[in-house]
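As structure tokens, the structure follows; a few thoughts come after it.
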Amino acid sequence: MGLRSRMRRGIVGGFMLLGVACVLIVFAVASSFRAEHWVQHSLELQQSTWELFSLVQDAETGQRGYLLTGDRSYLTPFLEAKTQLPVREGKLRSMVTLSPERAGQQAQLFELIAAKMDELGRTVQLRDNGQVDAAQELVEGDAGRQLMVQIRSVVMGMDQGEQDMLRRRSASMDTQRLLLMIAIVLAIGLAAALAYMVIREGQQHAGALARSVQALEHEIEQREDVEAQLRQAQKMEAIGQLTGGVAHDFNNMLAIIIGNLELLLRRLPGDDPRVQGPANNALNGAMMAAELTKQLLAFARQQALQPKPTDINRCIRDMSALLRRSLGENIKIETIQTGGLWPAFVDRAQLESAIVNLAVNSRDAMGGAGKLTIETANTVLDRSYAQQHLEVTAGQYVMVAVTDTGGGMSAEVMQKAFDPFFTTKELGKGTGLGLSQVHGFVKQSHGHIKIYSELGVGTTVKLYLPRDFSEALDEGVDIHGEEAIHAHRKVLVVEDDQDVRLFVVNALREIGYEALEAAGAEAALRELEAHPDVSVLLTDVVMPGMNGRQLATRAKELYPELIVVYMTGYTRNAIVHNGILDAGVRLISKPFTMVELGREMLAAINEGAAERG
């Protein structure tokens, strides 16, 4: 009886301790959720502050564009900022009520933004009234710049304050999680002891409790992964918007620089290295800048994609010679192609560029010698996978995997691999935009990209591209074997920027076309009426008044045989929707070289002839 009594007392005491442990678990879970809520609040407050700053920056950019050009379309960011600022300020104000330590900074920020918007509004009003000099004088004054400096300083101060608060809250969250783990361990131990003391059934209950605890730990890990993905997605989106805007602004300027340098080189005496050398260096630098803008647009997901049903196995076979030239003879290339591979809905040219980028990265990782494997397969990403990766839509995909035998990546490097300008190469050996460009292309194509790597073993990058369910495959158009005579072809160039228009006209004449020009849509229609023998309409898309798409529609109604080619430095416009080029549209993106212009014109003329024939 004494043993039984002691056991009974031990069981009762054990249940009491287990109850205490359960209370601690509930308290720790609740505290952990509160800590996570405050961490999320800090992140949202930081994001809202920088969004407010971005709105003011965009408003100033639009104001400068309007003052310089007089084109009211540049005022769109300014007008949007006037509309959105009250809403964003209200959102920030509601957040700051939970963070009273930011109240003073918030009030100062709102006062500075109001002063800045008033200064921008005064310059716009002066420009509207025709007082260009007065508006320019106000811009050149130091008041506006000082306001932006003060706004940035306040925003950075708020951001730094929240960073400090975030560190404290994160530390608090870690403490709560530690308490939770201690309580869980205590509960497991007590449950196991009770199960041993009572009966076998108690042991089974203890095992069930252990499995529940593991599920809880797994759920916590999943929550942390999802939160990390969300923060990464928000960061990439914000950086993408900034880089895309910068790239757009440079395209027209680079088109003028590259075009005129090419024309200059054609006309300079070829036997004078003192002239040819600097000119060639300038052209090379401009071409590198143009390539950088293309990479920035790719990362920002603002390319004009032309996705079509594509046989990826055939695409890789066609690339074999290019890959061998790019990688060198010390890289062994092996391809594993799945039979019955589904067609993918993707822009073939951009896919080839992405594969080359991955292959070159692999070559560098292998130090110029090793084995590169390119594999294709049909893949289904299920709901479970999609739940673990926020940006993935469950469904059928065509997978392309590029595997190398290099040194591999650490977890820290993999986490930053897609960040723009991040590189592990030596200074001057790379821009850090290769993987960023691939990431942007895959995401814009509604696909998925994943890196698997192990130090000392190698790296695999998998591209998941959406399956196409149509029946026809795009076999591509081979224009190289066709005879196409451009002599006596008459081209009408429509471009509101005089410098760009002058370069395009001179370039067309240089490569053998007869070129006419018009500064706008109305002038272009008059030129077409005066010259009905015009074969090709080469028009800018974004123009004041009637845009390029509207002009092309009017011109095709009058002259159905007319071939239309668009040129633009922007992708979010009348011919590109959701990042995809409208069907039947031929586009050449600024900046472009004379060779690219000639190739595009030749392809358009050949396609037009094929359609009529």
Side-chain angles (χ1 to χ4, degrees), residues 36-67 72-125 139 143-166 169 227 229-249 300-302 390-391 572:
E36 289 178 7
H37 168 75
W38 281 110
V39 168
Q40 186 63 31
H41 172 74
S42 292
L43 292 172
E44 290 177 354
L45 194 150
Q46 287 177 299
Q47 181 181 353
S48 294
T49 305
W50 283 109
E51 286 176 351
L52 202 63
F53 177 71
S54 179
L55 272 179
V56 178
Q57 274 193 322
D58 289 345
E60 185 178 50
T61 299
Q63 170 245 18
R64 296 297 169 84
Y66 174 58
L67 294 183
R72 292 196 65 84
S73 64
Y74 281 97
L75 284 179
T76 300
F78 171 74
L79 298 176
E80 288 178 353
K82 291 181 66 176
T83 303
Q84 295 182 24
L85 275 173
V87 178
R88 297 294 178 87
E89 289 180 353
K91 179 180 178 182
L92 183 60
R93 188 176 288 107
S94 66
M95 292 181 178
V96 170
T97 56
L98 299 177
S99 302
E101 59 275 10
R102 304 283 164 262
Q105 292 171 311
Q106 172 201 263
Q108 184 183 5
L109 177 61
F110 288 173
E111 290 177 3
L112 291 170
I113 289 176
K116 181 61 182 178
M117 292 302 294
D118 179 65
E119 181 255 337
L120 295 178
R122 281 187 282 119
T123 60
V124 170
Q125 185 63 46
V139 169
R145 187 181 68 82
Q146 287 299 324
L147 282 172
M148 284 304 296
V149 169
Q150 294 178 48
I151 291 173
R152 180 187 292 274
S153 175
V154 173
V155 168
M156 292 181 67
M158 294 180 70
D159 184 83
Q160 184 60 48
E162 281 304 311
Q163 287 283 5
D164 296 340
M165 184 67 71
L166 186 60
R169 289 170 175 170
E227 289 175 351
Q229 290 179 37
L230 178 60
R231 288 193 295 270
Q232 180 71 4
Q234 290 172 339
K235 180 184 74 174
M236 298 289 274
E237 182 66 24
I239 298 175
Q241 291 176 358
L242 174 62
T243 56
V246 172
H248 285 161
D249 290 341
R301 308 180 201 179
Q302 295 184 26
L390 296 179
E391 80 285 2
R572 300 183 184 277

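Worth knowing before you read on, the calculation uses all heavy atoms, side chains too, and leaves out hydrogens, waters and symmetry mates. Residue numbers start at 1 and run along the sequence shown.
Here the CD-CG distance, from E80 to D58, works out to 8.5 Å after rounding to the nearest 0.5 Å. Separating the CD1 atom in I151 from the CD atom in Q108 is a distance of 10.0 Å, to the nearest 0.5 Å. Within the model, atoms OG of S54 and CD of Q47 stand 11.0 Å from one another, a figure rounded to the nearest 0.5 Å. A distance of 7.0 Å separates CZ in F78 from OG1 in T123, rounded to the nearest 0.5 Å. E119 CD to L147 CG: the interatomic distance, rounded to the nearest 0.5 Å, is 6.5 Å. To the nearest 0.5 angstrom, T49 atom OG1 is 12.5 Å from M156 atom CE.
Between Q57 and R152 there is a side-chain heavy-atom pair separated by less than 4.5 Å. Counting only heavy atoms from C-beta outward, the side chains of Q150 and K116 never approach each other to under 4.5 Å. When side chains are defined from C-beta on, M117 counts as touching I113, because their heavy atoms get closer than 4.5 Å.
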Evaluate the side chain to side chain contact (heavy atoms under 4.5 Å, CB included) criterion for residues E60 and V56: first the C-alpha distance (whole Å), next the side-chain angles of each, then the deciding distance (0.1 Å), finally the verdict.
CA-CA 6 Å; E60 185 178 50; V56 178; 5.7 Å; no

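In terms of heavy atoms, T83 sits closest to V87 at O-CG2, 4.1 Å. For L55 against A81, the heavy-atom pair with the smallest separation is O-CB, 3.8 Å. Heavy-atom minimum distance, Y66 versus Y74: N-CB, 3.6 Å.
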